[in-house]
Number of protein chains: 2
Amino acid sequence: MSPASAPGADTAEVIRRSALKLFAHEGYEATSMREIAAAVGIQAGSLYNHFSSKEEILWDLTRGALLDLREHIDTALARLPADTSASAKLSSFIDAHVRFHALNSERARIVNQQMSGLNRTHYREIVGLRRTFEEQLAGILDDGVREGSFSLVDSRLSVYAILQMCIAVSNWFRKGGGLSVDEVATTYVALAHRMVIGSPAPVRRRRSGGTS
Amino acid sequence: MSPASAPGADTAEVIRRSALKLFAHEGYEATSMREIAAAVGIQAGSLYNHFSSKEEILWDLTRGALLDLREHIDTALARLPADTSASAKLSSFIDAHVRFHALNSERARIVNQQMSGLNRTHYREIVGLRRTFEEQLAGILDDGVREGSFSLVDSRLSVYAILQMCIAVSNWFRKGGGLSVDEVATTYVALAHRMVIGSPAPVRRRRSGGTS
DNA sequence: GTCTATATATCGATAGAC
DNA sequence: GTCTATCGATATATAGAC
């Protein structure tokens with residue numbers, strides 16, 4: 001729990017962890033390089049041996065979180081058989097999405113609330129990465145409609161509503177707050193199926209707890 | 001469209017409008033008093049004749065937006081007869097919520113994303129105001145369960161999911177973006193009813209377009 | 001109620017010794 | 001790769017003339 005030197009973690013990684021907490025709780029613009037350095041246990045100037053600017057730290061954290069989320073979801077979907085129903089794909093997608101946002105709430109909050117701190121190039125790249133999730137979910141919903149198992153109120157708005165419902169889990173979920181990750185994920189899978197009028201299919205989960 | 005002097009608007013109101021746009025698009029911490037002053041068409045020092053600090057501007061905007069939302073929703077619910085079904089109350093609540101977040105997206109985004117700029121006292125007051133909406137929706141859902149018209153997956157999580165789905169409308173809705181406010185509101189009313197397994201009741205809307 | 005001028009503090013980032 | 005010291009810019013807020 002000491003801020004500075006966790007064994008086996010290099011300085012850049014300690015900087016990432018310290019900056020993540022500060023950005024998530026105080027905001028990117030409200031956090032100074034001196035605060036980050038103090039949390040790491042070094043002087044402000046030494047940060048520039050590891051990151052070229054404050055924006056690069058934010059970019060590193062934001063991009064890393066989205067790439068992890070993408071890998072998390074793709075892994076879950078890849079474990080499904082080739083002839084999997086759209087309903088089962090939806091269950092896996094929602095389960096992975098909710099689990100990630102519950103267990104990586106600080107990283108998720110940076111992605112969703114501190115994007116304006118990025119420069120234009122990085123900002124656009126993040127928007128592009130986020131769009132892939134919308135397209136992925138839209139594809140699953142379209143499949144379900146073709147199969148006849150889903151009936152949508154509106155395809156684009158359903159994608160927005162379902163995704164935002166899952167993302168918002170990062171705003172309130174707390175470990176040890178009376179609800180387990182499994183319970184939340186199961187509830188949200190059921191809610192998403194109700195929104196597309198499909199019947200929830202059981203979720204295949206990884207053996208362990210998921211990303212942290 | 002000129003930034004400074006709309007006829008009949010006093011300086012404090014011009015400051016509110018200018019600061020609102022800057023806070024919503026650049027973020028509270030990233031916006032300087034000089035930027036606000038430039039948008040108003042005065043010097044930075046003159047702002048302090050109308051607001052005692054930058055935080056007070058944010059507080060004024062945030063509190064005003066939440067009070068307007070509360071009034072907007074209470075007015076919609078008050079127009080319903082005393083014996084109104086939970087289903088119709090849900091329709092009115094969602095309709096009012098979505099319409100407000102679509103037509104007041106900048107104010108809504110300040111409430112939901114710039115709260116960390118407030119001091120502790122003001123922050124807590126905002127959290128308290130927001131909780132009233134959760135309790136209001138929770139009451140409607142409970143009514144529906146008692147009536148037998150709703151069947152919830154989980155009552156607390158349903159409140160979170162439905163509210164966040166509506167709030168997020170402020171993140172993407174654009175006037176003249178191919179979807180009318182009425183279409184969006186109708187879609188979200190249907191989605192919310194699906195989430196509680198009620199059948200959507202028609203919405204009574206005010207004659208005009210709503211708040212702006 | 002606006003202006004100019006400024007007090008005071010802090011910001012991100014860099015230079016150079018060790 | 002860390003430190004100390006500092007540059008130059010900018011921040012919020014205030015003082016006093018008009």
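Letters A, B, ... are given to chains in the order of the sequence lines, protein chains preceding strands, and every chain is numbered from 1. All heavy atoms count here, side chains included; hydrogens, waters and symmetry mates do not.
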Sub-3.5 Å donor-acceptor pair from the side chain of B/T84 to the main-chain atoms of B/P81, do we have one? yes

How many whole angstroms separate atom CD of B/Q43 from atom C1' of D/dT12? 15 Å

Between C/dC18 (P) and A/I42 (CD1): distance, integer Å: 21 Å

B/H50 has an atom NE2; how far is it from atom C1' of D/dA13, in whole Å? 15 Å

Report yes if at least one side-chain N or O of A/S46 is closer than 4.0 Å to OP1 or OP2 of D/dG1; otherwise report no. no

Please list, chain by chain and in numerical order, all residues satisfying side chain to side chain contact (heavy atoms under 4.5 Å, CB included) with A/T187, sequence neighbours excluded. A/L191, B/V153, B/D154, B/L157

Would you mind listing every salt bridge (charged side-chain N to carboxylate O under 4.0 Å, His left out) that reaches into residues 40-53 of chain B, with sequence neighbours excluded? none

Test: salt bridge (charged side-chain N to carboxylate O under 4.0 Å, His left out). Region: residues 36-63 of chain B. Which pairs qualify, not counting sequence neighbours? B/R16-B/D60

Contacts under 3.5 angstrom, residues 160-174 of chain A side chains, donor-acceptor by atom type, not counting sequence neighbours:
unit_1: A/Y160; atom_1: OH; unit_2: A/R156; atom_2: NE; d: 3.2
unit_1: A/S170; atom_1: OG; unit_2: A/I167; atom_2: O; d: 2.7
unit_1: A/N171; atom_1: OD1; unit_2: A/Q113; atom_2: NE2; d: 3.3

Applying side chain to side chain contact (heavy atoms under 4.5 Å, CB included), name anything that partners B/A44, two or more places apart in sequence or on another chain. B/R34, B/A37

Tabulated below should be each protein N or O lying under 3.5 Å from an N or O of nucleotides 9-13 of chain C; please produce it.
unit_1: C/dC11; atom_1: OP1; unit_2: A/S32; atom_2: OG; d: 3.3
unit_1: C/dG12; atom_1: OP1; unit_2: A/T31; atom_2: O; d: 3.3
unit_1: C/dG12; atom_1: OP1; unit_2: A/K54; atom_2: NZ; d: 2.9
unit_1: C/dG12; atom_1: OP2; unit_2: A/M33; atom_2: N; d: 2.8
unit_1: C/dG12; atom_1: N7; unit_2: A/R34; atom_2: NH1; d: 3.2
unit_1: C/dG12; atom_1: O6; unit_2: A/R34; atom_2: NH2; d: 3.3
unit_1: C/dA13; atom_1: OP2; unit_2: A/Y48; atom_2: OH; d: 3.0
unit_1: C/dA13; atom_1: OP2; unit_2: A/K54; atom_2: N; d: 2.9

